[in-house]
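Inspection log for the structure reproduced underneath, given as structure tokens.
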Amino acid sequence: MMAQTLLITGATGLVGKALVKQCLAQGDTVHYLTTRKSKIATQKNYKGFYWNPQDNAIDLACFEGVEVIFNLAGSSIAQRWSKVAKTSILSSRTQALALLHSSIETHKFPITQIISASAIGIYPDSKTRYYDEKFQGTDASFLRSVVKSWEGSLKPFQTLGVKTTALRIGIVLDMHEGALPKIMAPIKHYLGAALGVGDQWQSWIHINDLVRLFMFVLESKLEGVYNAVAPNPVQQIELTKLIAKQLQRPLVLPNVPEFALRLMLGEMRAIALESQRVCASKIQNAGFKFDFLELEPALEDLMA
Ligand SMILES: NC(=O)c1ccc[n+]([C@@H]2O[C@H](COP(=O)([O-])OP(=O)(O)OC[C@H]3O[C@@H](n4cnc5c(N)ncnc54)[C@H](OP(=O)(O)O)[C@@H]3O)[C@@H](O)[C@H]2O)c1
């Protein structure tokens with residue numbers, strides 16, 4: 001594929017950093033939008049631009065030479081869900097997309113596609129369902145409403161003739177950031193235990209596969225909604241056991257009961273306790289080949 005200039009939002013985060021690395025390695029130029037002025041770098045192929053979706057502020061120079069946008073921006077859901085945090089979790093996502101949209105519309109920037117992060121949190125908590133992208137049901141939970149609005153904010157791009165793609169990302173496994181180091185820490189200190197009953201499904205993806213999946217969608221110009229999870233989700237107890245095995249630590253404690261998680265995490269315990277068994281067939285049928293199909297080799301690779 002010819003080298004191109006890509007605009008990335010949320011480029012300073014876990015997924016963003018890995019995606020930037022891949023884009024630069026294959027010779028692309030990266031423009032990125034950041035809300036932190038301290039994070040603005042200007043190198044030949046890697047240029048930062050300031051924005052603040054809350055204030056409708058954006059440096060329009062970021063669009064120069066850009067046809068495709070990777071949208072990853074959003075304030076972290078791994079914080080206590082106070083009223084203020086909830087507002088920020090939702091509005092950081094919807095306002096970011098609204099600002100990109102109004103900028104493209106007003107200035108007629110020739111953007112052809114926006115490939116956006118979404119999340120498997122769009123699927124209701126269920127121990128029995130096996131979710132593919134056609135599933136339409138929902139419930140009144142905070143996570144569901146956030147992800148629905150987030151994906152809904154992509155729709156207006158279509159009337160501008162911009163192709164939209166939403167990648168419903170599962171739990172991203174990375175050694176340095178995100179869920180894995182948080183799950184590993186107590187296990188390392190002989191304090192590991194499954195969360196809740198432990199039978200909740202966790203649909204995960206290795207960070208390298210997620211980056212490859214974003215690039216695959218770009219190269220194949222795939223449109224629509226795709227689950228971005230490995231084909232073999234596991235139950236929470238299995239995840240905990242496999243991490244303990246890799247770390248060569250015993251799991252001696254009983255499961256952490258739900259009431260303790262409620263006390264520790266409040267409403268945000270949903271992240272640990274919800275069950276979403278999510279299907280990867282649609283992206284596989286589009287031709288994507290996962291390097292990490294099963295959890296054990298994925299963990300082996302990450303922890304090597
Ligand atoms: N990691 C996962 O397991 C996972 C799972 C499912 C979905 N996702 C979604 O995938 C996306 C990327 O995930 P990630 O793990 O890389 O997230 P992350 O590490 O938290 O990074 C997200 C980035 O969003 C930007 N951001 C934060 N608050 C913002 C705000 N108020 N307005 C605009 N931008 C803001 C930040 O960039 P600046 O500080 O440079 O502005 C930050 O680096 C997120 O939207 C996340 O919800 C992640």
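Order of listing sets the numbers, starting from 1, for every ligand and every atom in it.
- Pocket lining of ligand 1, defined as residues with a non-hydrogen atom under 4.0 Å away: Gly10, Thr12, Gly13, Leu14, Val15, Thr34, Thr35, Arg36, Gln54, Leu72, Ala73, Gly74, Ser75, Ser92, Arg93, Ala117, Ser118, Ala119, Trp150, Ile169, Gly170, Ile171, Val172.
- Lys241 NZ: 12 or fewer foreign heavy atoms inside a 6.0 Å radius.
- Pairs of residues two or more places apart, or lying in two chains, that qualify as ring pair (Phe, Tyr, Trp, His ring centres under 6.0 Å) and include a residue from residues 216-254 are Phe216-Phe288.
- Clustering of Ile, Leu, Val, Met, Phe, Trp and Tyr side chains at separations under 4.5 Å places Leu261 together with Ile77, Trp81, Ile89, Leu90, Phe142, Leu143, Val146, Leu195, Val256, Met264, Leu265, Met268, Ile271, Leu273.
- Counting Ile, Leu, Val, Met, Phe, Trp and Tyr side chains that sit under 4.5 Å apart, directly or through other members, Ile237 stands alone, with no cluster partners.
- Residue Ile169 forms a side-chain contact (heavy atoms from CB on, under 4.5 Å) with just one option from Leu213, Ile120, Leu210, and that option is Leu210.
- Closest approach of Ala230 to Ile205, counting heavy atoms only: N-CB, 4.1 Å.
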